[in-house]
Amino acid sequence: MSDEPKESQESKPSARSFEKPILMIASAALIFSIANTALLLLNPTAKKVEQFNEEMKSEVAESINTVHKKIDGLRSAEMEWQSVLKKASANPDAIYRVVNTKDGFLTLTEITDTGEGSRK
């Protein structure tokens with residue numbers, strides 16, 4: 001009788017040694033299938049996010065171009081007024097009038113005395 005229990009004890013460890021790798025492989029396959037399912041479900045969302053990102057990139061690029069145009073306009077206006085101030089400093093006693101030119105810019109023109117008397 002003592003021989004029989006030893007044989008049953010020896011056969012159980014060999015079966016358990018195969019259970020562990022099979023359980024690990026089965027759990028890895030389950031995790032892999034869950035991950036694939038999640039990626040398949042999220043794929044339409046990813047396309048929408050990608051499209052939204054592209055739209056945002058184009059809107060930001062347009063905004064940057066608008067800002068650069070405004071900065072260039074301010075630089076040209078500054079250069080124009082620097083020339084106006086230089087003109088005014090050359091003859092500080094003269095009377096000047098601000099005139100809107102045909103191209104939409106303001107300029108400073110000197111009013112010449114036409115003999116009507118002095119203005120103050």
Side-chain angles (χ1 to χ4, degrees):
M1 279 194 180
S2 64
D3 288 339
E4 289 178 18
K6 288 183 181 177
E7 288 178 15
S8 63
Q9 289 177 359
E10 290 177 8
S11 65
K12 286 184 181 177
S14 65
R16 285 188 181 184
S17 66
F18 289 119
E19 287 177 9
K20 212 173 202 179
I22 291 173
L23 183 62
M24 291 176 71
I25 291 172
S27 63
L30 179 65
I31 291 172
F32 183 72
S33 65
I34 290 172
N36 279 339
T37 304
L39 289 174
L40 288 173
L41 292 175
L42 292 175
N43 193 18
T45 305
K47 288 180 183 177
K48 290 178 185 177
V49 169
E50 185 72 25
Q51 184 180 8
F52 177 74
N53 285 343
E54 290 299 322
E55 289 174 1
M56 289 299 291
K57 285 180 187 177
S58 64
E59 288 177 10
V60 167
E62 290 173 7
S63 297
I64 289 173
N65 287 337
T66 303
V67 167
H68 283 298
K69 287 179 183 177
K70 288 181 180 181
I71 289 173
D72 290 342
L74 289 172
R75 284 183 183 150
S76 66
E78 179 189 11
M79 290 174 51
E80 183 178 343
W81 277 105
Q82 289 294 330
S83 68
V84 165
L85 292 174
K86 184 177 179 182
K87 181 192 249 186
S89 66
N91 192 1
D93 293 335
I95 300 172
Y96 295 96
R97 179 171 62 182
V98 177
V99 178
N100 192 2
T101 60
K102 291 180 183 179
D103 55 0
F105 294 112
L106 296 175
T107 187
L108 197 62
T109 57
E110 184 177 343
I111 298 175
T112 56
D113 191 18
T114 58
E116 297 175 0
S118 63
R119 294 184 183 174
K120 290 188 181 182

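These figures come from a predicted structure and were not determined experimentally. Just so you know, these numbers use all the heavy atoms, side chains as well, and skip hydrogens, waters and symmetry mates.
- Residue pairs meeting the side chain to side chain donor-acceptor pair (under 3.5 Å) criterion with at least one member in residues 68-95, sequence neighbours excluded, are Asn91-Glu110.
- Under the 4.5 angstrom side-chain criterion for Ile, Leu, Val, Met, Phe, Trp and Tyr, the cluster partners of Val67 are Ile71.
- By the 4.5 Å side-chain criterion applied to Ile, Leu, Val, Met, Phe, Trp and Tyr, Met56 is assigned to a cluster that also includes Phe52.
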Side-chain atoms of residues 97-104: list all donor-acceptor pairs with protein atoms under 3.5 Å, sequence neighbours left out, distances to 0.1 Å.
| unit_1 | atom_1 | unit_2 | atom_2 | d |
| --- | --- | --- | --- | --- |
| Thr101 | OG1 | Asp103 | OD1 | 2.3 |
| Thr101 | OG1 | Phe105 | N | 3.3 |
| Thr101 | OG1 | Phe105 | O | 2.8 |
| Asp103 | OD1 | Phe105 | N | 3.4 |

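- Applying the side chain to side chain contact (heavy atoms under 4.5 Å, CB included) criterion to Glu62, with sequence neighbours excluded, gives no partner residue.
- We find the OG-CG distance between Ser58 and Asn53 to be 11.0 Å, quoted to the nearest 0.5 Å.
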I'd like a table of donor-acceptor pairs (distance under 3.5 Å, sequence neighbours excluded) in which one partner is a side-chain atom from residues 35-42, with atom names and distances.
| unit_1 | atom_1 | unit_2 | atom_2 | d |
| --- | --- | --- | --- | --- |
| Thr37 | OG1 | Ser33 | O | 2.8 |

